[in-house]
Visitor: 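I'd like to ask some things about the structure below.
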Amino acid sequence: LNELGSESAKIKAMGIMDKLSTDKTVKVLNILEKNIQDGSKLSTLLNHNNDTEDEERLWRDLIMERVTKSADACLTAINIMTSPNMPKAVYIEDVIERVIQYTKFHLQNTLYPQYDPVYRVDPHGGGLLSSKAKRAKCSTHKQRVIVMLYNKVCDIVSSLSELLEIQLLTDTTILQVSSMGITPFFVENVSELQLCAIKLVTAVSNF
């Protein structure tokens with residue numbers, strides 16, 4: 001899927017995606033949807049009190065692998081849809097909604113907590129860690145896999161703004177996209193995402 005994501009970006013840049021068979025492209029999109037769904041609601045911030053540290057790490061690595069795979073599926077799907085001169089059949093509502101669902105969930109539950117401690121849930125119960133002191137003490141070190149996922153999600157958000165310029169979406173979907181575009185401006189340490197969100201909000205306002 002990672003390779004498919006890279007290749008779909010190249011084919012999109014070459015402007016030859018529309019030369020592929022529509023039936024086969026639609027089949028690919030339907031397969032991609034299943035892969036997006038697989039990681040769309042997986043929490044990467046699990047805290048198993050009964051597990052050892054090694055078991056916790058192995059479990060987290062497995063979850064992150066599935067989440068990253070789903071991100072690649074999202075990118076591939078959105079690359080297909082935002083390629084020039086694509087037939088109407090490729091704009092499958094279920095796939096678009098699944099991409100948005102995945103992106104919203106992992107921004108809120110995976111990336112924001114990693115980049116801004118205010119969004120972290122206290123593992124000992126007590127809700128969100130809202131102290132500004134938590135922000136000050138936050139380490140800037142990030143796992144490579146988190147940085148990679150962050151970059152992929154930035155690409156997805158940016159590509160969604162392209163999709164809005166091509167395809168009419170339902171009012172419900174537009175509301176979801178709007179909230180996804182506005183929230184990053186209340187999160188610290190996500191400047192690249194904020195730039196992508198500006199594009200998204202601009203596309204929504206022109207919708």
Visitor: Please determine whether residues Phe105 and Phe186 belong to a single hydrophobic cluster, defined as Ile, Leu, Val, Met, Phe, Trp and Tyr linked transitively by side-chain heavy-atom distances below 4.5 Å.
Guide: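 Cluster IDs for Phe105 and Phe186 differ.
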
Visitor: To the closest 0.5 Å, what do you measure between CG (Leu200) and CD1 (Ile156)?
Guide: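 Answer for the CG-CD1 pair, Leu200 versus Ile156, is 12.0 Å.
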
Visitor: Do Ile100 and Thr173 have side chains that get closer than 4.5 Å, going by heavy atoms?
Guide: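 The answer is yes; the side chains approach within 4.5 Å.
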
Visitor: Please tabulate, one pair per line, all N/O donor-acceptor pairs under 3.5 Å involving side-chain atoms of residues 73-81, not counting sequence neighbours.
Guide:
residue: Thr76; atom: OG1; partner: Gly5; partner atom: N; Å: 3.3
residue: Thr76; atom: OG1; partner: Asp72; partner atom: O; Å: 2.8
residue: Asn79; atom: ND2; partner: Gly5; partner atom: O; Å: 3.4
residue: Asn79; atom: ND2; partner: Ser8; partner atom: OG; Å: 2.9
residue: Asn79; atom: ND2; partner: Leu75; partner atom: O; Å: 3.2

Visitor: With rounding to the nearest 0.5 Å, note down the distance linking CZ in Arg98 to CD1 in Ile96.
Guide: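 So the gap between those two atoms works out to 13.0 Å.
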
Visitor: Specify the closest pair of heavy atoms between Tyr112 and Pro184, including all atoms of both residues, with the distance to one decimal.
Guide: OH-CG, 3.4 Å

Visitor: To check you understand the geometry: which heavy-atom pair defines the closest contact between Ser40 and Ser70, and what is its length?
Guide: N-OG, 4.5 Å

Visitor: Could you tell me if the side chain of Asn109 sits less than 4.5 Å from the side chain of Ser43, heavy atoms only?
Guide: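 The answer is no; the side chains never approach within 4.5 Å.
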
Visitor: Would you compute the distance between atom CD1 of Ile16 and atom CD1 of Ile11 and round it to the nearest 0.5 angstrom?
Guide: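 The CD1 atom of Ile16 sits 6.0 Å away from the CD1 atom of Ile11.
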
Visitor: Would you please test Thr183 and Leu107 for side chain to side chain contact (heavy atoms under 4.5 Å, CB included) and show each step?
Guide: CA-CA 9 Å; Thr183 310; Leu107 281 172; over 6 Å; no

Visitor: Can you check whether Val153's main-chain N or O pairs, donor with acceptor, with His106's side chain at less than 3.5 Å?
Guide: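 Checking the backbone N and O of Val153 against the side chain of His106, no donor-acceptor pair under 3.5 Å is found.
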
Visitor: For the residue pair Thr82 and Lys12, confirm or rule out a side-chain donor-acceptor distance under 3.5 Å.
Guide: yes

Visitor: Do Gln108 and Tyr119 pass the side chain to side chain contact (heavy atoms under 4.5 Å, CB included) test, and can you show the C-alpha distance, the side-chain angles, and the key distance before you say yes or no?
Guide: CA-CA 8 Å; Gln108 201 69 43; Tyr119 286 83; 3.8 Å; yes

Visitor: How far apart are the closest heavy atoms of Cys196 and Cys154, and which atoms are they?
Guide: SG-O, 3.4 Å

Visitor: Carefully, step by step, assess Tyr150 and Val190 under the rule side chain to side chain contact (heavy atoms under 4.5 Å, CB included).
Guide: CA-CA 9 Å; Tyr150 173 76; Val190 291; 3.7 Å; yes

Visitor: Going from CD1 on Ile198 to OG on Ser158, what distance comes out if it is rounded to the nearest 0.5 angstrom?
Guide: 11.5 Å

Visitor: Are Ile166 and Val157 joined in one hydrophobic group, where the rule is that I, L, V, M, F, W and Y side chains link up if heavy atoms are under 4.5 Å apart?
Guide: yes

Visitor: Starting at CD1 of Ile146, measure out to OG1 of Thr68 and round the result to the nearest 0.5 Å.
Guide: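 The CD1 atom of Ile146 sits 8.0 Å away from the OG1 atom of Thr68.
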
Visitor: Could you go through the side chain to side chain contact (heavy atoms under 4.5 Å, CB included) check for Met64 and Gln143 one step at a time?
Guide: CA-CA 11 Å; Met64 282 305 301; Gln143 284 183 289; 5.9 Å; no

Visitor: Just wondering, do Thr172 and Gln176 contact through their side chains at under 4.5 Å, heavy atoms?
Guide: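 Counting from C-beta outward, Gln176 and Thr172 do come under 4.5 Å.
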
Visitor: Measure the spacing between NZ of Lys199 and CD of Glu165 and express it to the nearest 0.5 Å.
Guide: 8.0 Å

Visitor: Strictly by modelled atom types, are Thr25 and Thr22 linked by a side-chain donor-acceptor pair under 3.5 Å?
Guide: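 Result is no, nothing qualifies.
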
Visitor: If only atom types and distance count, is the side chain of Asp38 paired as donor or acceptor with the main-chain N or O of Lys34 below 3.5 Å?
Guide: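 Absent.
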
Visitor: Any luck finding a side-chain donor-acceptor pair between Lys104 and Ser179 under 3.5 Å?
Guide: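 Their side chains do contain a donor-acceptor pair, which is all the 3.5 Å distance test asks for.
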
Visitor: If you define the side chain from C-beta out and look only at heavy atoms, does anything of Tyr91 sit under 4.5 Å from Leu163?
Guide: yes

Visitor: Starting from Leu175, can I reach Val99 by hopping between I/L/V/M/F/W/Y residues whose side chains sit under 4.5 Å apart?
Guide: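 Val99 does not cluster with Leu175.
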
Visitor: Can you find a heavy atom in the side chain of Phe185 that is under 4.5 Å from one in the side chain of Gln194?
Guide: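 When only atoms from C-beta onward are counted, Gln194 and Phe185 do touch, with a gap below 4.5 Å.
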
Visitor: How close do Thr202 and Ser205 get, heavy atom to heavy atom, and via which atoms?
Guide: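 Answer, listing the atom of Thr202 first, then Ser205: O-OG, 2.7 Å.
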
Visitor: Is there a path of hydrophobic side-chain contacts, each under 4.5 Å between heavy atoms, that joins Leu58 and Leu42?
Guide: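 Per the 4.5 Å side-chain linkage, Leu58 and Leu42 are not co-clustered.
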
Visitor: Please check if Val95 and Ile174 belong to a single hydrophobic cluster, counting links between Ile, Leu, Val, Met, Phe, Trp and Tyr side chain heavy atoms closer than 4.5 Å.
Guide: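 Yes; tracing contacts between hydrophobic side chains, which count when under 4.5 Å, links both residues.
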
Visitor: Are Leu32 and Leu4 side-chain neighbours, meaning at least one heavy-atom pair lies under 4.5 Å?
Guide: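 Answer yes - side chains close enough.
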
Visitor: Verify the distance criterion only: is there a donor paired with an acceptor across the side chains of Gln37 and Tyr102 at less than 3.5 Å?
Guide: no

Visitor: Is there side-chain contact between Val204 and Ser178, with heavy atoms separated by less than 4.5 Å?
Guide: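 With C-beta onward as the side chain, the pair touches.
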
Visitor: Is there a side-chain contact between Leu169 and Leu164 in this structure, where contact means two heavy atoms from C-beta onward sitting under 4.5 Å apart?
Guide: yes

